[in-house]
Each structure stands twice: as structure tokens, then as C-alpha cells.
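Whatever order the structure lists ligands and atoms in, that order sets their numbers, starting from 1. Everything quoted here is computed from the prediction, not taken from an experiment. When a residue number appears, it is its place in the shown sequence, counting from 1.
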Amino acid sequence: MANVISVIPGDGIGPVIVKSAIKVLEATSEIYGFKLSFVEAPAGDAAKRDFGEPLPKSSFDKIRSSDACLKGPVGETAKDVIVFLRQKLDLYANIRPFKTLPGVSSKWKDVDLVIVRENTEDLYKCVEDVGEEHAVALMVLTKKACLRISNVAFQMAESRRKKVTLIHKINVLRSFELFRKAALEVARSYPSVIIEEMLVDNAAYQLVTNPQRFDVMLTTNMFGDILSDEAAGVVGSLGLAYSANVGDEFGLFEPVHGTAPDIDPLYANPIAQIMASKIMLEWLGRKKGNAAMIEAANGLENAVFYLLQDSKSLTPDLGGRATAEDVTKRLIDVLLKERCKL
Ligand code: NAI
């Protein structure tokens with residue numbers, strides 16, 4: 001039976017890069033022998049314009065009843081779409097890997113880190129009171145959320161270089177003590193993992209001056225949001241940065257970046273969206289016990305690395321002149337050839 005993927009094309013460069021990702025997924029599923037079907041779930045600025053609301057109920061129902069969601073970036077309505085979906089579907093872990101890649105210009109050679117960001121609370125709970133003379137936004141943290149995100153981070157570190165950096169701002173805000181206590185409690189169950197603590201301002205500095213020191217960076221919602229764009233810059237381009245929003249039951253996969261309103265969508269880098277599809281396949285493959293999907297995810301990642309290294313089809317953010325469509329065609333070509341070699 002086909003796995004149903006709900007698809008949010010999004011705004012700005014969204015429809016272009018999502019189209020690329022779907023073409024690549026179609027080719028991948030054919031090559032590796034599994035079935036996907038796609039159902040479009042309009043959301044974002046265009047949906048607000050066309051249907052009067054940024055996330056129509058029909059789209060939400062399609063997303064909720066699908067096996068996974070592939071989401072393109074949405075524009076000014078991001079809060080009503082992605083922040084809402086993360087909270088409503090309890091997608092509490094935002095996992096954002098950053099790695100220096102072959103062929104991608106970066107000051108660093110060997111960065112390999114993952115930001116594990118709590119995805120449902122903090123200031124993005126959006127508990128606000130805004131008046132003419134004042135504005136208040138509450139930072140909400142609960143023990144439950146701190147414990148479960150810490151578990152995700154430590155579990156991940158166990159299968160990597162066994163180090164978690166806990167990032168907070170405890171010297172100013174006592175509230176972070178809850179987060180810290182939860183992380184230290186979880187750490188006791190993972191004796192092979194080293195835990196270090198770092199204030200977020202220092203973490204921002206270390207990320208650009210000494211990024212190799214990080215393995216898993218565990219942090220709260222807004223800090224994770226900001227540090228992710230910085231990490232993307234460290235390894236080369238936001239056009240390569242992808243993320244998984246996962247809970248216990250469901251997963252939504254998207255690029256880290258937004259709609260890139262300053263560029264021609266035809267020249268957008270589709271790789272972040274394609275790599276978001278790659279981790280979607282990994283997640284689905286593990287959830288459904290489908291080895292072909294996991295193999296396909298590996299194949300797709302290798303094809304992306306190959307394409308970056310041979311640097312014949314790079315978009316302008318990586319110093320090339322290729323369009324998103326050029327990258328897509330070349331990637332499918334590489335995928336076909338690589339599979340033939342196996
Ligand atoms: P952005 O993240 O869209 O772009 C920042 C910079 O990176 C720009 O110079 C852009 O050209 C470049 N860039 C981003 N993606 C690229 C790609 N695939 N290829 C080449 N270059 C790329 O910028 P900003 O200002 O944070 O957001 C713009 C809009 O996107 C806003 O309306 C915001 O609300 C929305 N947004 C939506 C998100 C989501 O749907 N999850 C996440 C972040 C922003």
C-alpha cells in the first residue's frame with residue numbers, strides 16, 4: 001500500500017523547491033521499489049488569499065490523516081501554520097543536522113553537529129499581551145517537555161560522538177533551572193554521554209569560531225531557531241539546511257529556511273527541501289519497518305553529496321548558475337546511475 005505524504009507547497013520559493021523534492025521522491029521510490037502517494041494540503045499566505053485562512057481545516061485534516069508531511073516554507077503566516085502544527089500535532093522535537101559538505105565552500109572542514117530544539121513551548125507558545133504602552137510575552141517551559149526533548153538529545157548523542165551541549169541563559173533567567181534540572185536528570189541514564197553547559201551568547205560565538213567542538217546542541221525553542229540559521233551559515237548555505245519536526249506519532253519535514261523573498265524562485269536551491277525528504281524517508285522507513293525506504297534515503301544522500309562535490313549543477317547561493325530544475329534533473333540522473341552500479 002502506498003504511504004500517503006501530505007504536501008504543503010508553501011509560498012515564495014516553496015512551490016519550486018517542493019516540486020523538485022516530489023520529482024526526486026517519485027524517481028527514488030521507483031528506483032528503490034516502494035510506493036508513495038502525494039496529497040496537496042494548501043497552507044500559508046497563498047492559502048489565506050485563496051481560502052480566507054492560512055491553514056484551512058481541509059488541509060489540516062489531510063495532514064493529520066497522512067503518514068507524514070512534507071512542508072515547503074510559508075511566508076508571513078508562518079506562525080499560523082508551522083508553529084500551530086508543531087503544537088497541535090505535538091511535534092516536540094525539532095532535529096536540525098549541520099555538516100560541512102564536499103564541494104561546499106566553508107571556512108571549516110569537519111563540522112558535524114545536530115541542533116535538538118524543543119519545539120512546542122518557550123516564547124513561541126505565543127502567550128502575549130500587547131498594548132499601546134506595553135508588550136509581554138511569556139516564556140513557558142514544562143518539566144514534561146524538558147525531559148522528553150532531553151531524552152531525544154541524549155539518545156542521539158549515544159549513537160554519535162557522545163556529547164551534549166546544554167544551551168540556556170540561566171545567569172539571567174531562573175526559569176532555565178527547570179530545563180537544566182531535567183537535562184541533568186536525563187543525563188544520569190546515559191553515562192557514556194558527556195554533558196557540558198553553555199550560555200546561549202557564548203554558544204553563538206563558539207558556533208562561528210570553533211564549531212567542531214559541538215556534537216548535539218540541546219536547547220529551547222527560540223534559541224534553537226536562531227542558532228540554526230547561524231549553523232547553516234557556518235556550513236555553507238541556508239539552502240542546504242533541513243529539519244525534522246517529530247513527535248511520538250507523526251513527523252513533518254521541512255527546510256530550515258523561509259520563503260527567500262529576495263531571490264528568483266527559479267534559482268532557489270532545492271537541496272534543503274530534498275534533504276528534508278531524505279529524513280522523511282528515513283523516519284517513515286524506521287516507523288514502517290521498510291528497509292527499501294531507508295536504503296533509498298542513504299542513496300539519496302549519497303547522490304546529493306556527489307552532486308555537490310562534482311559542482312556542475314550548483315545554484316547561485318553555492319556559487320553556481322544552475323536553476324532548481326537543473327539540480328533536480330542532475331540529481332535524478334545521478335540517482336539512476338548510482339543505483340545501476342549497486
Ligand atoms: P529566509 O530564511 O527565507 O532567507 C534568508 C536568506 O537565505 C535569504 O538571503 C535567502 O535568499 C536565502 N535562502 C533561503 N533559502 C534559500 C534557498 N533554498 N536557496 C537559496 N537561498 C536561500 O529569510 P527570512 O527573512 O527568515 O524569512 C522570509 C519569510 O519566510 C518570512 O515571511 C518568514 O515568516 C518565513 N519563514 C518561514 C519558515 C517556515 O515556513 N518554517 C521559516 C523561516 C521563515
Side-chain angles (χ1 to χ4, degrees), residues 6-21 24 41-49 54-55 59 63 69-89 91 94-96 98 101 104-105 115 117 119-120 124 126 221-222 224-246 251-280 304 307-308 313-328 331:
S6 52
V7 177
I8 300 176
D11 304 307
I13 63 173
V16 171
I17 58 176
V18 167
K19 190 172 157 199
S20 283
V24 170
D45 299 356
K48 188 174 178 188
R49 189 190 59 228
L55 183 60
S59 292
I63 294 165
C69 178
L70 183 66
K71 176 188 160 295
V74 298
E76 294 309 308
T77 51
K79 175 189 155 191
D80 303 308
V81 178
I82 187 61
V83 177
F84 175 83
L85 285 171
R86 286 168 181 160
Q87 292 179 12
K88 190 79 182 168
L89 301 176
L91 307 175
N94 194 324
I95 296 164
R96 299 181 151 190
F98 299 93
L101 295 169
V104 178
S105 155
I115 294 181
R117 161 192 176 195
N119 216 17
T120 56
Y124 292 1
C126 304
N221 205 341
M222 191 163 79
D225 189 8
I226 297 165
L227 291 173
S228 308
D229 276 36
E230 191 187 347
V234 168
V235 298
S237 169
L238 255 179
L240 301 171
Y242 57 100
S243 70
N245 299 266
V246 288
L252 180 151
F253 303 85
E254 61 173 348
V256 167
H257 62 72
T259 56
D262 54 339
I263 64 170
D264 178 347
L266 295 181
Y267 287 87
N269 190 344
I271 290 179
Q273 190 77 51
I274 290 167
M275 289 297 277
S277 318
K278 181 220 75 131
I279 36 166
M280 181 184 79
V304 167
L307 178 134
L308 290 171
S313 306
L314 299 181
T315 43
D317 58 310
L318 298 178
R321 279 186 295 188
T323 61
E325 200 181 341
D326 297 333
V327 174
T328 311
L331 194 58

(request) Determine whether more than 12 heavy atoms belonging to other residues, nucleotides or ligands lie under 6.0 Å from atom CD of Q87. (result)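 More than 12 within 6.0 Å, yes.
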(request) Please check if atom OH in Y124 has more than 12 non-hydrogen atoms from other residues, nucleotides or ligands closer than 6.0 Å. (result)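 Result for OH/Y124: enclosed.
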(message) With a 4.0 Å cut-off on heavy atoms, is P261 in contact with ligand 1?
(response)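 It does, in that a heavy atom of P261 comes within the 4.0 Å cut-off of ligand 1.
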Give the residue, atom name and distance (to 0.1 Å) of the protein heavy atom nearest [atom].
atom: atom 7 (O) of ligand 1; value: L238 CD1, 3.5 Å
atom: atom 19 (N) of ligand 1; value: N269 N, 3.0 Å
atom: atom 40 (O) of ligand 1; value: K71 NZ, 2.8 Å
atom: atom 13 (N) of ligand 1; value: A260 CB, 3.9 Å
atom: atom 31 (C) of ligand 1; value: E76 OE2, 3.6 Å
atom: atom 33 (C) of ligand 1; value: G75 O, 3.7 Å
atom: atom 14 (C) of ligand 1; value: H257 CB, 3.6 Å
atom: atom 11 (O) of ligand 1; value: D262 OD1, 2.7 Å

(message) Under 4.0 Å, heavy-atom basis, I'd like to know which part of I13 is in contact with ligand 1: side chain, backbone, both or neither.
(response)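 The answer is the side chain of I13.
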(message) Please classify the D317 to ligand 1 contact at 4.0 Å (heavy-atom distances, strictly less than): side chain, backbone, both or neither.
(response)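 Looking at D317 and ligand 1, just side chain atoms fall under 4.0 Å.
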Numbering the atoms of ligand 1 from 1, which are under 4.0 Å from a heavy atom of [X]?
X: P73; value: 40 (O)
X: I263; value: 11 (O), 20 (C), 21 (N)
X: E254; value: 41 (N)

Close side-chain approach of [X] and [Y], heavy atoms under 4.5 Å:
X: P255; Y: Y242; result: no
X: E254; Y: I82; result: yes
X: P73; Y: Q273; result: yes
X: R86; Y: V81; result: no
X: L308; Y: L318; result: yes

(message) So does P42 get a backbone contact from the side chain of S59, meaning a donor-acceptor N/O pair under 3.5 Å?
(response)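 A pair under 3.5 Å: yes.
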(request) Determine yes or no for a side-chain-to-main-chain donor-acceptor pair under 3.5 angstrom, with D11 supplying the side chain and A46 the backbone. (result)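 Yes; judged by distance alone, with no hydrogens or angles, the pair exists.
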(message) As a test of understanding, state which of N245, N221, T120, D225 forms a side-chain hydrogen bond (donor to acceptor under 3.5 Å, both in side chains) with N94.
(response)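 Among N245, N221, T120, D225, the one that satisfies the side-chain hydrogen bond (donor to acceptor under 3.5 Å, both in side chains) with N94 is N245.
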For [atom], which candidate among [options] provides the closest heavy atom?
atom: atom 30 (O) of ligand 1; options: T259, N245, V81; result: T259
atom: atom 44 (C) of ligand 1; options: P270, A232, G258; result: G258
atom: atom 17 (C) of ligand 1; options: A78, P255, G239; result: G239

(message) Below 4.0 angstrom, counting only protein heavy atoms, does anything approach atom 24 (P) of ligand 1?
(response)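 There is no protein heavy atom less than 4.0 Å from atom 24 (P) of ligand 1.
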(request) Would you check whether V74 has a nitrogen or oxygen atom less than 3.5 angstrom from a nitrogen or oxygen atom of ligand 1? (result)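 Yes: some nitrogen or oxygen of V74 is under 3.5 Å from one in ligand 1.
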(message) Side chains of S313 and D326: any donor to acceptor distance under 3.5 Å?
(response)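 D326 vs S313: no donor-acceptor pair found between side chains.
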(message) Quick check on side-chain contact (heavy atoms from CB on, under 4.5 Å): which of V256, V235, I271 does L240 satisfy it with?
(response)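 Only one of V256, V235, I271 forms a side-chain contact (heavy atoms from CB on, under 4.5 Å) with L240, namely I271.
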